[in-house]
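Dropping the structure in here first, questions after.
Note that ligands are numbered from 1 as they come in the structure, with each ligand's atoms numbered from 1 the same way.
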Amino acid sequence: MKIIVIGGGAAGFFTAINIAEKHPDYQVTILEKSNKLLQKVKVSGGGRCNVTNERNTPSELVQFYPRGQKKLHPLFKTFSTQDMANWLYNRGVETTAEEDHRVFPISNSSQTVIDCFLKLAESNNIQILKNHALVKLELSDSHWVVHTTQEAMNADKVVIATGSSPATWKILKETRLEMTAVVPSLFTFNIKDERIADLQGISFERAQVKIVSTKLVEEGPLLITHWGLSGPAILKLSSWGAYELEEKKYHFEILVNYLKVASDQSRQQFQEYRNLHPKRKVFNYPLFSLPRRFWERMVEYCGISDQIPFGELSKKQVNKLLEELTQGRYQVIGKSTFKEEFVTAGGIKLSEVSLKTFEAKRFPGLYLAGEVLDIDALTGGFNFQACWSAGWVISESV
Ligand SMILES: Cc1cc2nc3c(=O)[nH]c(=O)nc-3n(C[C@H](O)[C@H](O)[C@H](O)COP(=O)(O)OP(=O)(O)OC[C@H]3O[C@@H](n4cnc5c(N)ncnc54)[C@H](O)[C@@H]3O)c2cc1C
């Protein structure tokens, strides 16, 4: 049996290795259009490779996939995040989970994962052909003809793992595979506003951010950057709102609650503090554990002089300050990438594949895995996990 895997990235390598391990008699070839392998694995997780996540139950996992969601339940039931950690461990790569459940190799280097994959490809006699770009895919009688920039090759089965390449999606559309619109996901919000200008690096443990006139609202750590706002709360919004925000051309309004408490509780806590310390100067005593520089900026912005004590604040000043802290209104004027990390929302429709085998329903012998499909997730190792699980399922099915 001759199997051609197209794409020398995460999904391509993982699928090829598992097929070759299970079927030593199969001839497995990886075709890669560039002269580099596993490029995204190399830069992933800031060079540390957030290889998977500690969360392991399928019902919990699927909640991290805005595109995919419940449909991915059987996938993670078959090959879970724990299965991936075990897979790596059994092949010499130990991993460790961080407090926020993200899993990394203990070496803290993506090269460990790359070395493992390359070694396994070699020991399992996988042929790797670089500079071989797929240009056309044809079904001829009972076999596939893979036309590349170098040569045409025959295969009994083909796995497409070409990631988010617009040129390759075009080729796949010509093969009559249907796809959704594709838009960016996992981006940060550009905001030019005196309230946060020059405060880059200041972070908030748990903030809530709402996008005005939508149902989009998320909670989590929030970070002020040179360009605006970032951090998990923003990245989650960018992922769940990928299509809605693209429609708005990345111009919209947000409401930010910087506090861990709701606005009525914040009023009560503020009042209690005020009653206890009426003589303390507002400027000098940040409340709600807010970073000092941010508190000072907000106090100034609300027109409260640095000499005014809590006891002498007018009702209007208190209202203004609490409103800024719990319902600050900001205009988003664009997007930026987060540490160069991004994924593409959209791809080949999931209705095109059987979610038990990842084989194309209308094209037996053709399989798809990874970002080429309409699956994407929040940050945390979930995007790779979708590649690993699909690769495993395909290796069982071929
Ligand atoms: C900077 C960055 C950091 C990231 N960090 C993480 C992280 O820590 N954890 C996580 O879970 N996710 C992370 N992601 C997302 C993750 O990298 C992707 O979801 C994942 O790499 C997708 O794997 P893939 O194999 O589907 O696609 P890719 O890794 O993009 O591989 C596709 C391969 O196919 C090749 N190809 C394309 N077209 C053709 C063709 N016509 N013929 C032959 N070959 C072709 C491409 O050259 C490429 O090598 C990160 C993404 C970025 C950009």
Side-chain angles (χ1 to χ4, degrees), residues 4-17 29-53 55 61 64-65 67-68 81 84 95 98 100-105 108-110 113-114 117 128-137 146-151 153 158-175 184-187 235 239 337-345 347-348 358 367-391 394:
I4 292 185
V5 177
I6 305 170
F13 262 84
F14 193 74
T15 311
I17 291 166
T29 301
I30 296 177
L31 303 183
E32 166 56 45
K33 82 170 171 192
S34 71
N35 62 358
K36 295 198 176 100
L37 304 168
L38 296 162
Q39 266 302 92
K40 277 201 193 167
V41 175
K42 178 82 185 156
V43 295
S44 65
R48 295 170 63 215
C49 186
N50 176 195
V51 71
T52 186
N53 196 280
R55 292 178 181 86
L61 265 178
F64 292 88
Y65 292 83
R67 264 65 56 189
T81 52
M84 184 57 191
T95 55
E98 304 205 331
D100 60 5
H101 306 293
R102 289 180 304 158
V103 172
F104 293 87
N108 260 329
S109 166
S110 56
V113 178
I114 295 176
F117 283 7
I128 299 173
L129 299 176
K130 296 185 206 170
N131 301 311
H132 277 64
L134 169 78
V135 288
K136 192 176 168 194
L137 194 57
V146 179
H147 297 267
T148 77
T149 37
Q150 308 269 358
E151 62 197 292
M153 302 159 90
V158 172
V159 181
I160 310 274
T162 45
S164 54
S165 156
T168 311
W169 268 319
K170 202 167 158 234
I171 297 167
L172 298 177
K173 267 166 96 175
E174 283 160 13
T175 314
S185 179
L186 299 181
F187 48 84
L235 294 174
S239 182
T337 50
F338 164 70
K339 295 185 191 161
E340 299 312 312
E341 179 168 343
F342 57 87
V343 292
T344 309
I348 303 294
F358 278 66
Y367 296 79
L368 293 110
E371 217 174 309
V372 69
L373 285 165
D374 181 23
I375 299 177
D376 68 273
L378 309 183
T379 55
F382 304 108
N383 281 299
F384 277 145
Q385 185 59 41
C387 297
W388 315 141
S389 295
I394 292 171

>> For atom 48 (C) of ligand 1, which of the options Lys170, Glu32, Lys130 provides the nearest non-hydrogen atom?
In response: Glu32

> Do Ile160 and Leu137 have side-chain heavy atoms sitting under 4.5 Å apart?
Replying inline: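 Result yes, sub-4.5 Å side-chain heavy-atom pair found.
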
> Which of the atoms of ligand 1 are close to Gly45, meaning less than 4.0 Å from one of its heavy atoms?
Replying inline: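 Answer for ligand 1: 5 (N), 6 (C), 7 (C), 8 (O).
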
> Which value, rounded to the nearest 0.5 Å, describes the distance between His101 atom NE2 and Thr52 atom OG1?
Replying inline: 12.5 Å

> Between Gly380 and Asn50, which heavy-atom pair has the shortest distance, and what is it?
Replying inline: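 In this case the closest contact between Gly380 and Asn50 is C-OD1, 2.8 Å.
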
> Just heavy atoms, cut-off under 4.0 Å: does Cys387 contact ligand 1 by side chain, backbone, both, or neither?
Replying inline: side chain

> Can you find an N/O atom of Ser164 closer than 3.5 Å to an N/O atom of ligand 1?
Replying inline: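 It does not: no N or O of Ser164 is found under 3.5 Å from an N or O of ligand 1.
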
> Rounded to the nearest 0.5 Å, what separation is found between the CG atom of Leu129 and the CD atom of Gln150?
Replying inline: 8.5 Å

> Between CD1 of Ile6 and CD of Glu32, what distance do you get to the nearest 0.5 Å?
Replying inline: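 Reported to 0.5 Å precision, the distance equals 11.0 Å.
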
>> Within ligand 1, which atoms have a heavy atom of His132 less than 4.0 Å away?
In response: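 In order of numbering, the contacting atoms are 42 (N), 43 (C).
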
> If you measure from CZ on Phe382 to CZ on Phe64, what distance do you get to the nearest 0.5 Å?
Replying inline: 4.0 Å

> Counting heavy atoms only, which of Ala161, Ala10, Ser44 comes nearest to atom 6 (C) of ligand 1?
Replying inline: Ser44

>> Checking the N or O distance criterion of under 3.5 Å, is ligand 1 in contact with Ala11?
In response: yes

>> Below a 4.0 angstrom heavy-atom separation, can you tell me which part of Thr379, side chain or backbone, both or neither, approaches ligand 1?
In response: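 Near ligand 1, Thr379 shows nothing, with every heavy atom at 4.0 Å or more.
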
> Taking only heavy atoms of Ile6, which atoms of ligand 1 are found under 4.0 Å from at least one of them?
Replying inline: 42 (N), 43 (C)

> With atoms numbered from 1 as shown, which atoms in ligand 1 lie under 4.0 angstrom from a non-hydrogen atom of Asn383?
Replying inline: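 In order of numbering, the contacting atoms are 11 (O), 12 (N), 19 (O).
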
> Which pair of non-hydrogen atoms, one from Ile30 and one from Gly7, has the smallest distance, and what is that distance?
Replying inline: CG2-O, 3.8 Å

>> On a heavy-atom basis, I'd like to know which of Leu134, Thr337, Thr168, Leu378 is closest to atom 39 (C) of ligand 1.
In response: Thr168

> Against heavy atoms of Gly370, which atoms of ligand 1 measure under 4.0 Å?
Replying inline: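 The atoms of ligand 1 under 4.0 Å from a heavy atom of Gly370 are 26 (O).
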
> Which of the atoms in ligand 1, numbered in the order shown and given with their element, are less than 4.0 Å from a heavy-atom of Val343?
Replying inline: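 The list of qualifying atoms is 15 (C).
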
> Can you list the ligand 1 atoms lying under 4.0 Å from a non-hydrogen atom of Ala133?
Replying inline: 42 (N), 43 (C)

> Of all the heavy atoms in Gln385, does at least one lie under 4.0 Å from an atom in ligand 1?
Replying inline: no

>> If you compare all heavy atoms of Val5 against all heavy atoms of Ala16, which two are closest, and at what distance to 0.1 Å?
In response: CG2-CB, 4.0 Å

>> Just verifying a value: how many Å separate Ile348 CD1 and Thr162 OG1, rounded to the nearest 0.5 Å?
In response: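 If we round to the nearest 0.5 Å, Ile348:CD1 and Thr162:OG1 are 8.0 Å apart.
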
> Considering only heavy atoms, which of Phe382, Phe104, Phe13, Phe384 lies nearest to atom 20 (C) of ligand 1?
Replying inline: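 Going through Phe382, Phe104, Phe13, Phe384 one by one, Phe384 has the nearest heavy atom to atom 20 (C) of ligand 1.
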
> Quick one: does Ser34 get an N or O within less than 3.5 Å of an N or O on ligand 1?
Replying inline: no

> Taking atom CD1 of Ile394 and atom OG1 of Thr15, what is their separation to the nearest 0.5 Å?
Replying inline: 5.0 Å

>> Quick check on contacts: which atoms of ligand 1 are under 4.0 angstrom from a heavy atom of Leu31?
In response: 43 (C), 44 (N)

> Looking only at heavy atoms, which two atoms of Thr168 and Leu134 are closest? And how far apart?
Replying inline: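 Shortest heavy-atom separation between Thr168 and Leu134 comes out as CG2-CD2, 4.4 Å.
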
